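Counting starts at 1 for both ligands and their atoms, following the listed order. Fair warning: this is a prediction, and the values are worked out from it, not measured in the lab. The first residue in the sequence is number 1, and the count goes up from there.
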Amino acid sequence: MISGSNVKEFVYEALPSRVIFGWGATARLADEVERLKLKQILVLSTPAQTGAAQAVAAALGSRVAATFDGAAMHTPVDVTNRAMEIVRANQIDATLAIGGGSTIGLGKAIALRTDLPQIALPTTYAGSEMTPILGQTENGMKTTIRDRRVLPEIVIYDPAHTLSLPAALSATSGLNAIAHAVEGLYAKDGNPIVSLMAEDGIRALAAALPVLVERPADREAREKALYGAWLCGATLGAVGMALHHKLCHVLGGSFDLPHAETHSVILPYAAAYNANAAPEAIRAVERALGTERPAAVALQALAKRIGAPTSLAAIGMKKDGIDKAADLAVANPYWNPRPIDRASIAALIADAFAGKTLA
Ligand code: NAD
């Protein structure tokens, strides 16, 4: 609330990236490539998005030196090593990632090793393209780093690339984005500028997602959702995250639960846990959701309405994992507005496991 009396001292650090937004923005790709004088581009995708990658590569013609469609969830280092062989063999001078967080993660992993410029064409709402964060996995261990080299230089947000995102993935990916914004609103290093982005990001996604699950081809909702995802991703890139992201990191990393679905399940419980400790942030979430109910209740209602999973049991967690997850979540905890204690965290995970209805 920048206009109120609550503006305290803060530090705001802008991250340098060029964002091109709009229907058909992909047509601007050739100009961007020309502007950077790129001649040997490597186009990245997952196996499922080979077609989209080939279409983009065809549009760029001889500027594309190679394509690699092996991107995978959680950026496995062996996949990056295979892509690096192509980078070296073809004197690659930039990467172009078309896809969600997995593909953009591979571009980032290459940039970490080479500092090559990156162009990202996001096709989900995960937001990785706006962050200097990279998570990589090796021998079953996920490590996360923050490094300016991994921030993509150019991001082209073209809602056309999200038209094919299935309704279920649109719902969970959108909630994943909302989670960045909720935690950004109560971040230890939060500030009024980032809070503006976070609140508006939630507002845009909360309005768009119910429409998208009914009508995945609705252009206005696709545009609004991608705009919201940008703002939520920018929030994730700008400020530190808290309990929610720690829990999702633990559950995804140690129990192999799917990324966006885990975020969808945990978010209402994390919001409930922090509600009394971060009242101003939670009020902003309620404003953005347009609700009179507590944010946690409204977030759970939104997840149900858009058909996202609402229990850890439903996404493959086993009941005997609750204790181990609680142990891991309280070891090296992230900063959180409400202090972390093992009993409360175990109770939160047990509630999320069962999908307890919040009131
Ligand atoms: P994803 O990139 O793994 O995509 C999921 C599946 O959907 C893939 O098979 C993909 O090919 C397919 N897909 C993506 N867009 C599609 C579209 N428009 N149409 C049809 N199919 C499409 O999923 P995600 O949730 O975007 O990314 C998850 C990964 O990103 C995780 O590894 C997570 O850790 C990482 N991530 C990193 C950050 C960061 O800042 N470093 C932020 C968010 C997520």
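- Ring geometry for Tyr157 against Phe21 counts as tilted: the plane angle lies between 30° and 60°, on a 0 to 90° scale.
- The neighbour count for Arg113 CZ, taken as heavy atoms of other residues, nucleotides or ligands under 6.0 Å away, is above 12.
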N/O contact list for ligand 1, threshold under 3.5 Å:
| unit_1 | atom_1 | unit_2 | atom_2 | d |
| --- | --- | --- | --- | --- |
| ligand 1 | 2 (O) | Gly101 | N | 3.1 |
| ligand 1 | 2 (O) | Ser102 | N | 3.0 |
| ligand 1 | 2 (O) | Ser102 | OG | 3.4 |
| ligand 1 | 3 (O) | Ser102 | OG | 2.5 |
| ligand 1 | 11 (O) | Thr46 | OG1 | 2.6 |
| ligand 1 | 11 (O) | Gln49 | OE1 | 2.9 |
| ligand 1 | 15 (N) | Gln49 | NE2 | 3.2 |
| ligand 1 | 15 (N) | Thr123 | O | 3.4 |
| ligand 1 | 15 (N) | Thr123 | OG1 | 2.7 |
| ligand 1 | 18 (N) | Thr123 | O | 3.1 |
| ligand 1 | 18 (N) | His161 | O | 3.0 |
| ligand 1 | 18 (N) | Ser164 | OG | 3.4 |
| ligand 1 | 19 (N) | Ser164 | O | 3.3 |
| ligand 1 | 19 (N) | Ser164 | OG | 2.8 |
| ligand 1 | 19 (N) | Leu165 | N | 3.4 |
| ligand 1 | 26 (O) | Gly101 | N | 2.8 |
| ligand 1 | 26 (O) | Thr124 | OG1 | 2.6 |
| ligand 1 | 27 (O) | Gly101 | N | 3.1 |
| ligand 1 | 32 (O) | His74 | N | 3.0 |
| ligand 1 | 32 (O) | His74 | ND1 | 3.2 |
| ligand 1 | 34 (O) | Lys142 | NZ | 3.1 |
| ligand 1 | 40 (O) | Thr131 | OG1 | 2.6 |
| ligand 1 | 41 (N) | Ile133 | O | 2.9 |

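- For Tyr227, the OH atom counts as loosely surrounded, since its 6.0 Å shell holds 12 or fewer non-hydrogen atoms of other residues, nucleotides or ligands.
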Start with the C-alpha distance between Asp327 and Arg342, add both sets of side-chain angles, then the distance that settles salt bridge (Lys or Arg N to Asp or Glu O under 4.0 Å), and finish with yes or no. CA-CA 7 Å; Asp327 288 340; Arg342 194 192 174 285; 2.6 Å; yes
Quick one: do Leu243 and Arg338 satisfy side chain to side chain contact (heavy atoms under 4.5 Å, CB included)? Show the steps, please. CA-CA 9 Å; Leu243 175 66; Arg338 174 178 157 193; over 6 Å; no
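- Residue pairs meeting the side chain to side chain donor-acceptor pair (under 3.5 Å) criterion with at least one partner in residues 289-303, sequence neighbours excluded, are Tyr269-Gln300.
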